Colleague: 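This is the structure I have questions about; it appears just below.
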There are 2 protein chains.
Amino acid sequence: MARPRQFDEQEAVAQATDLFWRRGYNATSVRDLGAELHLTPSSLYRTFEDKHTLFLRALDHYRATESAQARERLATAGQPVRDALRDWLLWLVGCAAGTEPGPGCLVVNTATELGTTDTEVSARTEAAFEVTRSALRSLLDEGRRNGELPTDLDLDAAVELLFTTVLGLRVRERAGHDPHRLATTIDFAIRGLGPAPTEPVRSER
Amino acid sequence: MARPRQFDEQEAVAQATDLFWRRGYNATSVRDLGAELHLTPSSLYRTFEDKHTLFLRALDHYRATESAQARERLATAGQPVRDALRDWLLWLVGCAAGTEPGPGCLVVNTATELGTTDTEVSARTEAAFEVTRSALRSLLDEGRRNGELPTDLDLDAAVELLFTTVLGLRVRERAGHDPHRLATTIDFAIRGLGPAPTEPVRSER
DNA sequence: ATCGTATGAGAGCGATCGCTCCCAAATGGA
DNA sequence: TCCATTTGGGAGCGATCGCTCTCATACGAT
């Protein structure tokens, strides 16, 4: 019926997400976005309403890709719970295994930058947080049921601590902290879940 | 020798710190600062060079007050290590016991907002982080020596986890999370330090 | 009392902010 | 082919950004 777009909207959102991720909301200008997405201001505003709405789109895209990927990785473990948790946490902060420090987590960065001032943003960050919590809960619950974790493990409390640890690790990732220290943190956090399952006692001799 | 100031420089820095704390670096304009400190732009720039330098002053002031106070509170405990640690963590996130969520921690907010892009800022946030780590280390080491904590406690790892937990709690405080859940997190983190000291065995009968 | 000096007040600098408008170009339906 | 419609390009809107300048004012040293 009319002239078609010369750009892919999804790809544009993905690139915008990347820019917000690295620089944060306030430090990213509309002109920065236009340059990154190869969009003129008119196209950008016609497609995405305004900067704030585009940021909400970016948060949604992040949740649909990064957050969803993290959730799946944790759910489809196929290995002992402790190992699965350890590998997952290492993977979370280990994307920064390259040269320069990773950008951390867009959700964490956004939560600290904008706090509770923006309700539309807060709703999305809280939803993302809840996804992580429930994924951790499922894994721990499975471990408790199949005997890999202590039966008297306080599930609520363990989830809260692991979730909080994830946030702290994300902050430290963005701050460029030594990956080895983050690995130490992860190992100790898992140890805190209680004694490992008793190995079948080897016959003594 | 000349006309004296009509404002207290330290108090101005304190007010600037408060504003940066609540709003973040990028979202705080020089005019906002001028209004808050009751300073005209000329006075502000003559006294504090520029916005970035004032922000560095604010970070230093925060470390000299808030961070220093936190360190002292942890050092001058005078109670069992676990109780001291618990009270300290509750106090850290419990300033937000009022109506609206607290502003979190200026150092954490800054670290996530600016990442590693600003070396002068990073140097200060890392220094603040190290203060917290060493304070935690001293406390845990004391607890290990006097038998309140397991003698085989991995000090390095425990410090890393507690420090990471503090960062996570700060994020959650700023995100306005339920204080009760934060308390749950804190209790479980302390439980993870190992079994409590064995009570003197009561005579059985 | 006089003078040198730093202050508070505020206009205003160029640049950039988020955003809007106008117009030629490009498309699909008739 | 012609028209209705939406696009990409880009000038430019008012507002605000970080920051500088000028100048009368108010103080301390002499």
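Note that the structure is predicted; figures quoted are calculated from it, not measured. Atom set for the values below is all heavy atoms of this structure, side chains included, hydrogens, waters and symmetry mates excluded.
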Colleague: Do the charged groups of A:Asp178 and A:Arg172 touch, with an N to O distance under 4.0 Å?
Modeller: no
Colleague: For B:Thr40, report the nucleic acid contact type (base, sugar-phosphate, nothing); a contact means any heavy atom under 4.0 Å.
Modeller: base
Colleague: Do the charged groups of A:Arg133 and A:Glu130 touch, with an N to O distance under 4.0 Å?
Modeller: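 Between A:Glu130 and A:Arg133 there is a salt bridge, with a charged N closer than 4.0 Å to a carboxylate O.
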Colleague: Report the distance from atom CG of B:Leu44 to atom P of C:dA9, rounded to the nearest whole Å.
Modeller: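 One finds 13 Å between P of C:dA9 and CG of B:Leu44, rounded.
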Colleague: Has B:Lys51 got its NZ or CZ under 6.0 Å from the middle of the six-membered ring of B:Tyr25, at an angle within 45 degrees of the ring axis?
Modeller: yes
Colleague: Here's a test of your reading of the structure: between B:Ser29 and A:Phe7, which maps to the more 5' nucleotide of DNA chain D?
Modeller: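 It is A:Phe7 whose nearest nucleotide is closer to the 5' end.
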Colleague: State whether the side chain of B:Glu113 and the backbone N or O of B:Asn26 hold a donor-acceptor pair below 3.5 Å, judged by distance alone.
Modeller: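 Flag set: sc B:Glu113 to bb B:Asn26 pair under 3.5 Å.
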Colleague: CG/A:Leu56 to CD/A:Glu120 distance, rounded to the nearest 0.5 angstrom?
Modeller: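 A:Leu56 atom CG to A:Glu120 atom CD measures 5.0 Å (nearest 0.5 Å).
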Colleague: How close or far is atom C1' of C:dA9 from atom NE2 of B:His38, stated in whole angstroms?
Modeller: 15 Å
Colleague: When you measure from the side chain of A:Ser134 to the backbone N and O of A:Val131, does any donor-acceptor pair fall under 3.5 Å?
Modeller: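 At least one qualifying donor-acceptor pair exists.
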Colleague: So what does A:Thr47 touch, heavy atoms closer than 4.0 Å: a base, only the sugar-phosphate, or nothing?
Modeller: nothing
Colleague: Would you classify B:Arg5 as touching base, sugar-phosphate or nothing, given that sugar-phosphate means primed atoms plus P, OP1 and OP2, and contacts are heavy atoms under 4.0 Å?
Modeller: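 Touches sugar-phosphate only.
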Colleague: Give the first and the last nucleotide of DNA chain D, reading 5' to 3', that has any atom under 4.0 Å from a heavy atom of chain A.
Modeller: D:dA4 to D:dG12
Colleague: For the pair A:Asp8 and A:Gln10, evaluate side-chain hydrogen bond (donor to acceptor under 3.5 Å, both in side chains) and give the outcome as yes or no after the intermediate values.
Modeller: CA-CA 6 Å; A:Asp8 179 31; A:Gln10 283 301 322; over 6 Å; no
Colleague: Could you check whether B:Arg86 pairs with B:Asp83 (Lys NZ or Arg NE/NH1/NH2 to Asp/Glu carboxylate O, under 4.0 Å)?
Modeller: no
Colleague: How would nucleotides 21-30 of chain C be written as a contact map, 5' to 3', with B for base contact, S for sugar-phosphate-only contact and - for no contact, using protein heavy atoms under 4.0 Å?
Modeller: B---BBBS--
Colleague: Looking at B:Ala189 and B:Thr165, what are the two nearest heavy atoms and their distance?
Modeller: CB-CG2, 4.4 Å
Colleague: Could you check whether A:Arg22 pairs with A:Asp18 (Lys NZ or Arg NE/NH1/NH2 to Asp/Glu carboxylate O, under 4.0 Å)?
Modeller: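 Salt bridge between A:Arg22 and A:Asp18, a charged N being under 4.0 Å from a carboxylate O: yes.
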Colleague: Shortest non-hydrogen contact from A:Pro150 to A:Pro195?
Modeller: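 Closest pair (atom of A:Pro150, atom of A:Pro195, distance): CG-CD, 3.8 Å.
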Colleague: Pick base, sugar-phosphate or nothing for A:Phe48, based on heavy-atom distances below 4.0 Å to the nucleic acid.
Modeller: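 Since no nucleic acid heavy atom lies under 4.0 Å of A:Phe48, the category is nothing.
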Colleague: Quantify the bending of the helix from C:dA1-D:dT30 to C:dG29-D:dC2 as the angle between its end axes, each fitted on five pairs, to 10°.
Modeller: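 Roughly 10° between the end axes, to the nearest 10°.
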